[in-house]
Amino acid sequence: VISWTTMISGYAQNGYDNEALKLFWEMLQAGVKPSSNTIAGVLRACTDLKDLQQGKAIHAYVLRRVLESSVFVGSALVDMYAKCGSVSDALLVFDQIPQKNVVTWNSIIRGYTLRGLVADALKLFAQMQLKGMKPDAFTWSIMITGLAENGQVEEALEFFSQMQVEGIKPSIISWTALIAGYARNGQGNEALKLFNQMQLAGEKPNLVSIATVLPACASLAALEQGKQIHGYSIRNGFQSDVVAGSALVDMYAKCGSIKYACQVFDKMLEKNLVTWNSMITGYAIHGNGKGAISLFHDMVQEGIKPDSITFTGILSACSHSGLMDEGWQYFDIMSQEYGITPNLTHYACMVDILGRCGYLDEAWDFIENMPLEPN
RNA sequence: CACAUAAAAUUACG
């Protein structure tokens, strides 16, 4: 049992979720009875895959075998249902767990915040304390994230302060959650301030912190701050990371330095869709339509499939450099060749292209005939 | 240390 469980958990922890699932069913066929630890491990694989079907199958197995009830399995089930989009099932399981621990509570609260149900999350947060369960750093971070994603940054800050009053030291994750909240809500200055405070508090920024503050620099066009963070990334070996690299490309482009953006982009060993989109959007910002289109061809050549954001970049680039024909062409191929249905932003880009090229009547016609409700 | 929970990059015009 231990060998199987070790293998299954190892797979699940390292992103080999399908292998974990396969191994679990093989284990059953081999006649080995899984322990609750095995179940918890394989449930994690379902959660990562967002595979509700598999998750339910394993839940059913647990019920059939009347496994000794483990809070680990219970929490893993709550988490699985919550992350696979079924809060109601998560709550059903949650209510039936006799000995809830802090992980159980955290899992259900996260389920609610994931769906934007912050008011319900707040209720549960109060409820757990009424039941004598003390929130841990995870709980506080979940609440901070949930509030910030809901636009309630001030409340998120209050939670951040309150956790310290309650004697819980904010982890780097609590800090990053709050910083992300400010960055996303257009308060780049606050985000940068907190980033500095975090370091004064003794937390060393990691990859995620870097990826979180760079957009704050970008939104402020704070090139000097961005460069410092770039330097920090190099010193700490983050520069080869695809997420940090993409964030740097974006930051430099938005700070007005397309040159540095290209330099970082060219040096990156691994590029993904976001990397390409960042560079294409960078060219768009700089009014280099031809450059954006040329990058588009490169990315397709490299086997990266463009998405709707790629086309937003291309169309915006066309609008900023007066490329009306190309604009039409990409607007057409995005659905015809790539199966991407244009959204409101794409339509807005087309109106912008037509308008800037002086085709106001055509722009007006275009709005009147578009299949979406113009905003 | 065979087990479950928290943070991250790209998205029009202005």
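Please read these numbers as outputs of a predicted model, since none were measured by experiment. Naming convention: chains lettered A, B, ... in sequence-line order (proteins, then strands); numbering from 1 in each chain.
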(Q) Regarding A:Ala40, tell me which of base, sugar-phosphate or nothing describes its non-hydrogen contacts under 4.0 Å with the strands shown. (A) sugar-phosphate
**Q.** Contacts of type ring-ring contact (aromatic ring centres under 6.0 Å, His included), residue A:Phe296, not counting sequence neighbours
**A.** A:Phe311, A:Tyr330, A:Tyr338
Q. What does A:Thr275 touch in the nucleic acid at a heavy-atom separation under 4.0 angstrom: a base, only the sugar-phosphate, or nothing?
A. nothing
Q. What is the nucleic acid contact for A:Thr5, judged by heavy atoms within less than 4.0 Å: base, sugar-phosphate only, or nothing?
A. base
Q: For A:Lys254, report the nucleic acid contact type (base, sugar-phosphate, nothing); a contact means any heavy atom under 4.0 Å.
A: sugar-phosphate
Q. Going through the checks in order, is the ring pair (Phe, Tyr, Trp, His ring centres under 6.0 Å) test met by A:Phe125 and A:Trp105?
A. CA-CA 8 Å; A:Phe125 181 77; A:Trp105 282 96; over 10 Å; no
Q: Mind checking A:Lys271 for me? I need base, sugar-phosphate or nothing, with any heavy atom below 4.0 Å counting as a touch.
A: nothing
**Q.** Aromatic plane relationship, A:Tyr260 with A:Tyr252 - under 30° parallel, 30 to 60° tilted, over 60° perpendicular
**A.** tilted
(Q) Applying a 4.0 Å non-hydrogen cut-off, can you work out what A:Asp136 is touching in the nucleic acid: base, sugar-phosphate, or nothing? (A) nothing
Q) When we call it a touch if two heavy atoms are under 4.0 Å apart, what does A:Asn101 touch: a base, just sugar-phosphate, or nothing? A) base
(Q) What contact category does A:Ser278 fall into here, base, sugar-phosphate, or nothing, at under 4.0 angstrom with non-hydrogen atoms? (A) sugar-phosphate
Q. Restricting to pairs with a member in residues 209-229 of chain A, which pass side-chain hydrogen bond (donor to acceptor under 3.5 Å, both in side chains), not counting sequence neighbours?
A. A:Asn206-A:Ser209
Q.
Looking at every heavy atom in both A:Ser75 and A:Thr104, which two are closest together, and how far apart are they?
A. OG-OG1, 2.9 Å
**Q.** RNA chain B: 5'-most and 3'-most nucleotides touching chain A, 4.0 angstrom heavy-atom criterion
**A.** B:A2 to B:G14
Q: With sequence neighbours excluded, tell me which residues meet side-chain contact (heavy atoms from CB on, under 4.5 Å) with A:Gln164.
A: A:Phe160, A:Pro170
Q.
Does A:Asn206 reach a base, just sugar-phosphate, or nothing at all? Heavy atoms under 4.0 Å.
A. base
(Q) If the threshold is 4.0 Å, N to carboxylate O, is there a salt bridge linking A:Lys134 and A:Glu166? (A) no
(Q) Going by side-chain contact (heavy atoms from CB on, under 4.5 Å), name the residues that satisfy it together with A:Ala30, two or more places apart in sequence or in a different chain. (A) A:Trp4, A:Val32
Q. Among residues 209-233 of chain A, which residues get a heavy atom nearer than 4.0 Å to RNA chain B?
A. A:Ala211, A:Thr212, A:Pro215
Q.
Just checking A:Phe366 against A:Phe331, ring centres under 6.0 Å apart?
A. yes
Q) How is A:Glu203 classified with respect to the nucleic acid when contacts are heavy atoms under 4.0 Å: base, sugar-phosphate, or nothing? A) nothing
